[in-house]
Every structure is written in C-alpha cells, then in structure tokens.
Amino acid sequence: MLRVFNSESRRKEAFVPIEAGKVRMYVCGMTVYDYCHIGHARVLVVFDVLYRYLRHKGFEVTYVRNITDIDDKIIRRAEEQGVAMRGLTDRFIDAMHEDAARLGVLEPTLEPRATDSMEAIIAMIRELEERGYAYRAENGDVYYDVSRFEGYGRLSGKNPEDLRAGARVEVGEAKDDPLDFVLWKAAKPGEPSWDSPWGPGRPGWHIECSAMSTTTLGNRFDIHGGGQDLQFPHHENEIAQSEAATCEHYVNYWMHNGFVRVNEEKMSKSLGNFFTVRDVLEAYSGEEIRWFILSSHYRSPLNYSDAQLDAARAALHRLYNALEGVEPGETADAGFAERFEAAMDDDLNTPEALAVLFECASELNRAREQGDDARAGELARTLVDLGGVVGVLQSDPADYLRGGGAGELDADAIEALIEQRNRARAERDFAEADRIRDALADQGVQLLDGPEGTRWQRT
RNA sequence: GGCUGGGUGGCAGAGUGGCUAUGCACCGGAUUGCAAAUCCGCGUCACGUCGGUUCGACUCCGGCCCCAGCCUCCA
C-alpha cells in the first residue's frame, strides 16, 4: 500500500485513488522564458519517479504537466530580446524537452499550454464572476475575491488575517483586499492579448492551472504536485478558484518537493545561484544527475555540489560494474524487490530504495566471486528491473562504462595500447607496462586486469 | 513578527522506543607483478543542547540554541 505525504494534512496518508486502478495527476511545469535549472530538474525527476512507480504498481495513470507560456516575465524577456513571444516560448519548450529526455524523464500523458487553453481559462473566470467570486477593478483587471472563499489558507496553513496584516501593497494595484489576486489582466498597448468579455488582456498567473487541470482531469482528481514554493500562493489560489468555480473538492493529495540548495541557500533565479541542466550535463550524465536527485528524499533539501555529483557517479559506476558481463536471468529476487517496494511505498523513500540496490549489487558481486552464474543472473535481473522503476541502470553496462569520452582516445586505440602493455607484461617489463597504464589513466581510461584478460573503462 | 520543516558517525543520507541502514572516505586482510575492480574485516557515546516520561530514548514530551523555507516573482 502506497502512502504519500499530503501537504494539506501534513501527514502521510494511504493513497486511495478516486477511481479504482486509475490515477489522475497534475504537476505544475515550467514557465518557459529561460533554460531549466537543477531545481526544475528536481521537479521533473521526482514526479517522473512517482509516475513510474504508480504505473509499476499497476495503476493506469493520466499524468498532466502543464506549460505556462504567458506571463509578465515572458513578455519582458521577449521584449528584451526583440523576439515574438511565441518564438521565445517555443525555443525554451524545446530546450526543456531536450533536458527532460536526457534526465530520463518520461513524457507526460498531456502537456497543455496556457495559450492553447484560453477558452477554458475565460470560461472559468466567467463562472467565478457569475458566482460572485470575481470583480472588475477600475483599471480593467479582474480580481478574485478571497474574502468570499471559505477556508482560504488551508493548504499552506496560513491565516487570512495574518496575511493581511503583513501584506505589501504594490503601487497601481486596484484590489479591494491585499489578498485578492488577478484573474484577468487588461492589456496595455503593445502587449500580447486575447479577446475576452472584459476586453483584450491575458490570464493571471494562477487561473491557467485551474483551467488546464480541470479540463484535462475533471473537477476533482487525485494528485497535484509541484515545487514547495508553489504551495503558497499558487496552489492555495488554485484551490480557491477551482472549488469556487466547480463547487467540488479539487484535489485529494497535494505533493510538494523540497528545494535544491547551493551552500545552504535556495537555488533560484532571483538569487542568481542556479546551475542550468544543460551546463551540468557538460560534466555529468543525465543518469548521474537523476541519481543525485534521488539520493535524498524528495521533501528534504538537496544540496547541490560537485562532490554530490561525483558521489552519484561513483555509485552508478559501482552498480554498472556489478552488472557488466552478467546476463540478467528470467526471474528476479523477491526479497530485494519487496524491500525496494516497501521503501517506495513509504512516501517514495528513494534513498532507502537505492540502498537496496547497493545491497543487491554487493550480493551480485559475491555470487560472481563464487561462480554462481544462476544467482548472479537473478540478481542482475533484480537490479535492472528495480532500477527501471526509478529510471536508472537501463543502459548496457559495457556501453555505460566505456561510452562517452568523445574526442578522447577511441576504443581501437585503447585496445591497441592494452595489447602493447600486455606484451610488455609478458616480458616482465613492468616499467613499460605501468607507463602505458599511467598514460591511459591520464586520458580517463582505467584498466582492470583479470584472469580472463584486461578490461577497461572510462572514469 | 506569523507559519512550515529540519539538526544523525570524516562526508552524503535513511531509520527505529531496546536488535548491522546504505554509499563514499579511512584503516587492516584476501586477490594482483604492482595497481584497479571485487570480496572479508573495521565506526563498542553517530545521533544540536538542557530537562522530563520510561526498566530502557537518537527514536516520545517540553524549554533553549542553530539552519533552511514560506508570508513578494520563483520548481
């Protein structure tokens, strides 16, 4: 039985889908005006793992991950670069898809774009207006009337009165209440806009998620996810909008992943301390980044550092080394699989699940030492299958260990040097043999002498 | 100021009212020409701090200290 931590109740709850055997989940994706950084990678990977695990457990999952492609920052960025907004967002959507693919993230079932959902957005605002939850301000904007919604703050544990007390009021805002938020923004000259009953304009930040989730998954669905920073106000506002518009309970389980930190500080655009996925991919593989992300629990902070990425690299090296040269058998080991699932069932405890993989690899190595091929094959099967549940260890071990290294020595050159070295070894010219080995090591090639000859891998 | 979450061995990082987390690093041994990889062994106060509950607490309760986050755009 899967248990998940529901941010709304702040406790782990047994996961029971609305419709038996089926799961409907929505995750807030990117606002596409720049490249994804490692914080975005964490959302992509964490919910990809949830998606994979739910499917592994036999659920039929409808996974919706939206794209926000209309927003003030996008408009500003397009202006700065002197390009059309759609061109800018298309470009960063492509880049996001490339990054996701390299991180081994499966494509969601649906990936709606806000600008393609304008009808639904306008329809929902009209519904709110009809029900008396929206009002038009003097400046032409349409706002949501928070005071009308009972239970505002229940997701984030905030009290509306406290929020009002500490609220900052921006110049030029025409709200009745500082907690009110914009549903529809009247267009200023030159801005991208859509026609609406309130004149040309664009949707506010939160309404697109309410509209897209409802139109794709229905008024009520199982899981809604996103980064912790979306809990308030974004998700709180989504609840207010959706429940006011549909009169139904919106989401059963809210899941939020923790932040990526750099030197004990949140990685974020505004602090400028972020590393983009593509920059990190210059030095580390997508699988290494994925392992790094999974090596801590999804709700805990994740400290970004080269040492952590190096540790991920070492971990994958160890596991692929265990798998290399072993033909996975037909059946898996039930004991490891059970422990792995118990860990995952416990609110996706990936560090614990990865520990099971390590133990499986140790036992696999022991079986190999003892020449027990059947047992080794069974354990290799286990490792590959369980790895697949979290999206790792799916490469051919030999390719993984010897691949990459573009522009460096190719395999033929390496093997020629190994032959040269082995001739020297046969003549007991160890000085020459070690010279060749050291030269290869300088090129990132490590030699492994065994009874059956010399193997090599890249480090 | 209000509200969250957290402080575990050299590092990373799970977890439990009494029993080995796991990985890396270190040290010793096996293996090796020497290495590497692998195996075996190795942390007897590792659990922020001060009290309390208990036969027994790192694990429960309370105070304190410290860290991060939200309350403003942010995954």
Query raised in the report: Rounding to the closest angstrom, what is the interatomic distance between B:rU22 and B:rA14 at atom C1'?
Result: 8 Å
Requested in this report: Flag as yes if A:Phe430 stacks onto the base of B:rG33 (centroids under 5.5 Å, planes under 30°), otherwise no.
Outcome: yes
**Report entry** B:rC58 versus B:rG69 - spacing of their P atoms, nearest Å
**Finding:** 31 Å
**Report entry** Residues A:Glu191 and A:Arg202 bridged, charged N to O under 4.0 Å
**Finding:** yes
Query raised in the report: B:rG69 phosphate, OP1 or OP2: any side-chain N/O from A:Arg299 under 4.0 angstrom?
Result: no
Query raised in the report: Does A:Arg423 come within less than 4.0 Å of A:Glu432, counting only side-chain N to carboxylate O?
Result: no
Requested in this report: Applying ring-ring contact (aromatic ring centres under 6.0 Å, His included) between A:Tyr63 and each of A:Tyr53, A:Tyr51, A:Phe221, report the one that passes.
Outcome: A:Tyr51
Query raised in the report: Does the side chain of A:Ser362 come under 3.5 Å of the side chain of A:Asn365 through a donor N or O and an acceptor N or O?
Result: no
Report summary line: Heavy-atom nearest nucleotide on RNA chain B taken for A:His297 and for A:Phe5; more 5' hit belongs to A:Phe5
Query raised in the report: For B:rG69, what is the paired nucleotide under Watson-Crick or G-U wobble rules, both distances under 3.5 Å?
Result: B:rC3
**Report entry** Residue matched to B:rA75 through Watson-Crick or wobble contacts both under 3.5 angstrom
**Finding:** none
Query raised in the report: Which part of the nucleic acid does A:Asn257 contact within heavy-atom distance under 4.0 Å: base, sugar-phosphate only, or nothing?
Result: base
Query raised in the report: Is any side-chain N or O of A:Arg437 under 3.5 Å from a base N or O of B:rA36, one able to act as donor and the other as acceptor?
Result: no
Query raised in the report: Would you say the base of B:rG33 and the side-chain of A:Arg421 have a donor-acceptor pair closer than 3.5 Å?
Result: yes
Query raised in the report: For the base of B:rG33, is there a side-chain donor-acceptor partner from A:Asp434 under 3.5 Å away?
Result: yes
Query raised in the report: Do any side-chain nitrogens or oxygens of A:Lys266 fall under 4.0 Å of OP1 or OP2 in B:rC70?
Result: yes
**Report entry** Check: A:Asn159 side chain, B:rC71 base, donor-acceptor under 3.5 Å
**Finding:** no
Query raised in the report: Rounding to the closest angstrom, what is the interatomic distance between B:rG7 and B:rU49 at atom C1'?
Result: 11 Å
